[in-house]
Number of protein chains: 2
Amino acid sequence: MERCDQEEESVSANSRLTIAAHALAWIGHYQRLGHEVATSEQIASSANTNPVVIRRLLGDLRRAGLVESRRGAGAGWSLARELESITLLEVYEAVETGPLFAMHRAAPDQGCVVGHGIQPAMQGIYDGIEGTLRRELSGVTLENVLRDVLAVPR
Amino acid sequence: MERCDQEEESVSANSRLTIAAHALAWIGHYQRLGHEVATSEQIASSANTNPVVIRRLLGDLRRAGLVESRRGAGAGWSLARELESITLLEVYEAVETGPLFAMHRAAPDQGCVVGHGIQPAMQGIYDGIEGTLRRELSGVTLENVLRDVLAVPR
DNA sequence: GGCTGTCGCAACATTAATGGTTACGACAGA
DNA sequence: TCTGTCGTAACCATTAATGTTGCGACAGCC
């Protein structure tokens with residue numbers, strides 16, 4: 001598979017949510033063209049990555065009940081649910097692991113008033129932010145995503 | 001410096017915002033007790049980390065105009081502004097680098113309709129989410145944080 | 001029954017961010 | 001001059017994400 005190098009400054013964050021949305025939109029679009037299943041090879045070609053990466057990601061989505069896979073001849077992936085019913089929140093929860101912001105690696109000094117109170121204080125703030133993030137993500141369906149994708153001018 | 005291992009499942013995300021808030025709250029609280037400056041050694045002891053890590057982080061905050069440092073004898077760190085006027089958004093922008101969610105590492109296949117439209121589509125969604133995140137962060141001041149910290153029961 | 005294409009998964013390499021550690025010069029007050 | 005602390009470079013360790021290869025499992029088809 002050819003690598004199409006593009007000079008990006010310094011990609012740090014994880015692109016798992018982006019690639020997962022790409023894969024779901026691709027499968028949904030492909031099925032609307034009349035095809036039964038999509039292969040990891042086809043999706044990887046569109047996303048410019050390795051088929052195994054796609055299979056790993058789709059494996060997470062299958063565990064979440066969003067897609068199904070068939071083995072044997074004529075194998076491939078298909079949606080387990082309609083694009084309209086899948087939200088970015090479900091995709092996010094299927095592919096993202098930890099919290100947005102982490103606490104200290106080692107517990108702060110509990111003998112210090114600041115060290116003692118900082119984790120509960122920040123946790124309360126972070127919980128509120130993650131709740132807002134989830135509300136935002138739950139307001140976007142994969143149908144919305146595919147519509148936006150197809151609306152981009154060539 | 002002793003390492004106080006605490007069994008966390010799998011800390012992945014970055015704790016830079018947490019540590020920065022800890023440091024600012026510590027300096028602010030210390031100054032209210034009548035002290036002029038705080039040393040990276042003291043802050044590191046409270047946060048249970050290395051003084052150099054604190055100096056690096058406070059260096060970012062100084063570049064953002066949130067703290068000042070003094071050198072020579074009686075050296076240390078002090079707030080450049082009141083805790084009430086510093087928001088978590090300013091701290092976030094001072095210490096966090098990239099976007100919350102990243103795009104593909106290599107550009108997707110532009111010859112595919114999905115590959116062509118996926119990045120603009122997701123970017124629009126991500127921009128909205130980051131805007132919401134920033135609004136949330138801008139609504140919390142370091143004064144709020146310190147108050148929450150001191151309100152935690154012993 | 002064998003052939004074929006694809007998934008499932010393990011194993012390993014690569015890259016990048018983060019954090020921990022040591023070292024040492026610069027600085028400024030006592 | 002002495003001392004304590006900052007400023008910063010250099011290096012190592014750890015972790016997550018990603019890329020890659022290999023191969024067995026599976027199921028339809030000939």
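For dG20(C), the base has a donor-acceptor partner in the side chain of Arg56(B) [N/O atoms by modelled type, under 3.5 angstrom]. Checked by distance alone, Arg55(B) brings a side-chain donor or acceptor within 3.5 Å of a matching partner on the base of dG7(D).
Spacing between atom CG of Leu57(A) and atom P of dG19(D) amounts to 11 Å, rounded to whole angstrom units. Rounded to whole Å, the distance from CG on Asp60(A) to P on dC9(C) is 11 Å. Between the P atom of dC3(C) and the CZ atom of Arg71(A) lies a distance of 20 Å, rounded to the nearest Å. Rounding to whole angstrom units, CD of residue Gln42(B) and C1' of dT5(D) are separated by 11 Å. The nearest whole Å value for the distance from the CG atom in Asn50(A) to the P atom in dT6(C) is 15 Å. In this structure, Leu100(B) atom CG and dA17(D) atom P are separated by 14 Å, rounded to whole Å. Regarding Ile43(B), its CD1 atom lies at a distance of 17 Å from the C1' atom of dG19(C), rounded to whole Å. Rounded to whole Å, atom C1' of dT21(C) lies 13 Å from atom CD of Glu41(B).
Residue Asn14(B) places at least one side-chain N or O under 4.0 Å from the OP1 or OP2 atom of dT18(C). Considering only side-chain N and O atoms, Ser40(A) lies under 4.0 angstrom from the phosphate OP1 or OP2 of dC7(C). The phosphate of dG20(C) (OP1 or OP2) has a side-chain N or O of Thr49(B) nearer than 4.0 angstrom. Distances shown here put every side-chain N or O of Ser15(B) at or beyond 4.0 Å from the OP1 or OP2 atom of dT18(C). The phosphate of dG7(D) (OP1 or OP2) has a side-chain N or O of Ser69(B) nearer than 4.0 angstrom. For Thr97(B), no side-chain nitrogen or oxygen approaches OP1 or OP2 of dA17(C) to under 4.0 Å.
Within the nucleic acid shown, Arg16(B) comes within 4.0 Å of sugar-phosphate atoms alone, with no base atom in reach, counting heavy atoms only.
The residues Glu136(A) and Arg135(B) are annotated as not salt-bridged, no charged nitrogen and carboxylate oxygen being separated by less than 4.0 angstrom. Taking 4.0 Å as the cut-off between side-chain N and carboxylate O, Arg81(A) and Glu90(A) count as a salt-bridged pair. Salt bridge absent: Glu68(B) and Arg63(B) never bring a charged side-chain N and a carboxylate O closer than 4.0 Å.
In this structure, Gly74(A) and Val53(A) both approach DNA chain D, and ranking their closest nucleotides by distance from the 5' end singles out Val53(A).
Nearest to the side-chain atoms of Arg105(A) among the listed nucleotides dT18(C), dG8(C), dT5(D) stands dT18(C).
Under the 3.5 Å distance criterion, the side-chain polar atoms of Glu36(B) are left unmatched by any main-chain donor or acceptor of Gln31(B).
Ring orientation note: the planes of Tyr30(A) and His35(A) are close to parallel, at an angle under 30° on the 30°/60° scale.
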